[in-house]
Amino acid sequence: MLFTHVLAVAPVSDFESAVLWYERLLGRPADARPMAGLADWHVSPSAWVQVFQSPEHAGKTLLNLVVEDLDRALSELAGRGIAAGEVQPGAGKVRFAAAHDPDGNRVTLVENPVA
């Protein structure tokens with residue numbers, strides 16, 4: 001079985017507020033709003049981040065985004081009004097830090113030089 005895309009979905013309760021937060025997180029407006037209550041950002045040729053209005057599921061998602069330079073990414077986010085938690089060490093040379101959207105969905109930025 002071959003998969004052509006990965007879609008990471010963050011369910012949210014207040015769609016428009018969440019879209020504004022993810023616009024700040026990702027540094028740009030959504031690439032598409034294919035239907036009511038759904039916005040998506042094409043973050044790489046085969047990976048998308050989607051925000052989907054689903055109050056009953058909101059706040060339970062864990063989304064990991066790999067970045068080349070964690071310190072620079074955290075600085076950019078701070079400049080956009082998004083504060084992440086403390087940088088944590090992982091196995092090997094991996095480091096990560098998490099932020100939470102308005103519903104509590106956790107978005108973790110991961111720096112993985114081995115990737």
Side-chain angles (χ1 to χ4, degrees):
M1 180 181 319
L2 175 65
F3 300 101
T4 61
H5 286 81
V6 174
L7 308 175
V9 180
V12 299
S13 57
D14 182 339
F15 179 72
E16 291 303 330
S17 292
V19 167
L20 292 174
W21 190 88
Y22 280 88
E23 286 178 348
R24 289 190 333 216
L25 174 74
L26 299 168
R28 59 189 169 86
D31 293 304
R33 288 191 177 203
M35 62 185 221
L38 177 66
D40 57 51
W41 289 261
H42 307 163
V43 295
S44 79
S46 61
W48 299 359
V49 171
Q50 294 185 315
V51 171
F52 180 64
Q53 186 166 7
S54 180
E56 64 276 14
H57 297 107
K60 298 174 184 158
T61 293
L62 305 174
L63 174 62
N64 295 334
L65 301 172
V66 178
V67 297
E68 289 181 0
D69 183 331
L70 182 60
D71 297 322
R72 184 177 68 219
L74 294 174
S75 177
E76 287 179 23
L77 287 183
R80 297 181 203 149
I82 295 177
E86 187 176 317
V87 173
Q88 302 290 318
K93 296 181 180 181
V94 175
R95 300 182 321 136
F96 58 91
H100 294 83
D101 76 8
D103 282 298
N105 293 308
R106 186 172 75 196
V107 179
T108 302
L109 300 182
V110 180
E111 179 183 69
N112 185 356
V114 180

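- Contact annotation: the side chain of Val67 never approaches that of Arg72 to less than 4.5 Å [non-hydrogen atoms, C-beta and beyond].
- Listed by chain and residue number, nothing satisfies the side-chain contact (heavy atoms from CB on, under 4.5 Å) test with Ser75 (two or more places apart in sequence, or in another chain).
- Note: His100 NE2 to Ile82 CD1 = 12.5 Å, rounded to the nearest 0.5 Å.
- Counting only heavy atoms from C-beta outward, the side chains of Val12 and Pro102 never approach each other to under 4.5 Å.
- To the nearest 0.5 Å, the span separating CG on Leu63 from OG1 on Thr108 amounts to 8.0 Å.
- Rounding to the nearest 0.5 angstrom, the gap separating the CG atom in Asp69 from the CG atom in Leu74 is 9.0 Å.
- Judged by distance alone, the side chain of Trp21 and the main-chain N or O of Asp103 form no donor-acceptor pair under 3.5 Å.
- In the hydrophobic clustering of ILVMFWY residues, with side-chain heavy atoms under 4.5 Å counting as a link, Leu70 and Leu65 come out together.
- One hydrophobic cluster, built from ILVMFWY side chains closer than 4.5 Å, cannot hold both Val110 and Val43; they sit in different ones.
- Once rounded to the nearest 0.5 Å, the distance linking CD of Glu111 with CG of Asp71 reads 6.5 Å.
- Taking the six-membered ring where the residue is Trp, Trp48 and His42 present parallel rings, their angle staying beneath 30° rather than reaching 60°.
- In this structure, the separation between CG on Asp31 and CG on Leu26 is 9.0 Å, given to the nearest 0.5 Å.
- Considering every non-hydrogen atom in both Ala58 and Ser13, the closest pair reads CB-N, 3.7 Å.
- Residues Trp41 and Arg28 share a closest heavy-atom pair of NE1-O, 3.0 Å.
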Check: residues 49-56 side-chain donor-acceptor pairs under 3.5 Å, at least two apart:
{"unit_1": "Ser54", "atom_1": "OG", "unit_2": "Glu56", "atom_2": "OE2", "d": "3.3"}
{"unit_1": "Ser54", "atom_1": "OG", "unit_2": "His57", "atom_2": "ND1", "d": "2.8"}

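- For Val6, there are no side-chain contact (heavy atoms from CB on, under 4.5 Å) partners two or more places apart in sequence or in a different chain.
- Following chains of ILVMFWY side-chain contacts shorter than 4.5 Å, one cannot reach Val107 starting from Phe96, and the two form parts of different hydrophobic clusters.
- Panel note: side chain Asn105, backbone Thr61; a donor-acceptor pair is recorded below 3.5 Å.
- Nearest heavy-atom pair across Pro113 and Lys93 is CD-O, 3.4 Å.
- Between Ala30 and Ala39 the shortest heavy-atom distance is CB-CB, 3.9 Å.
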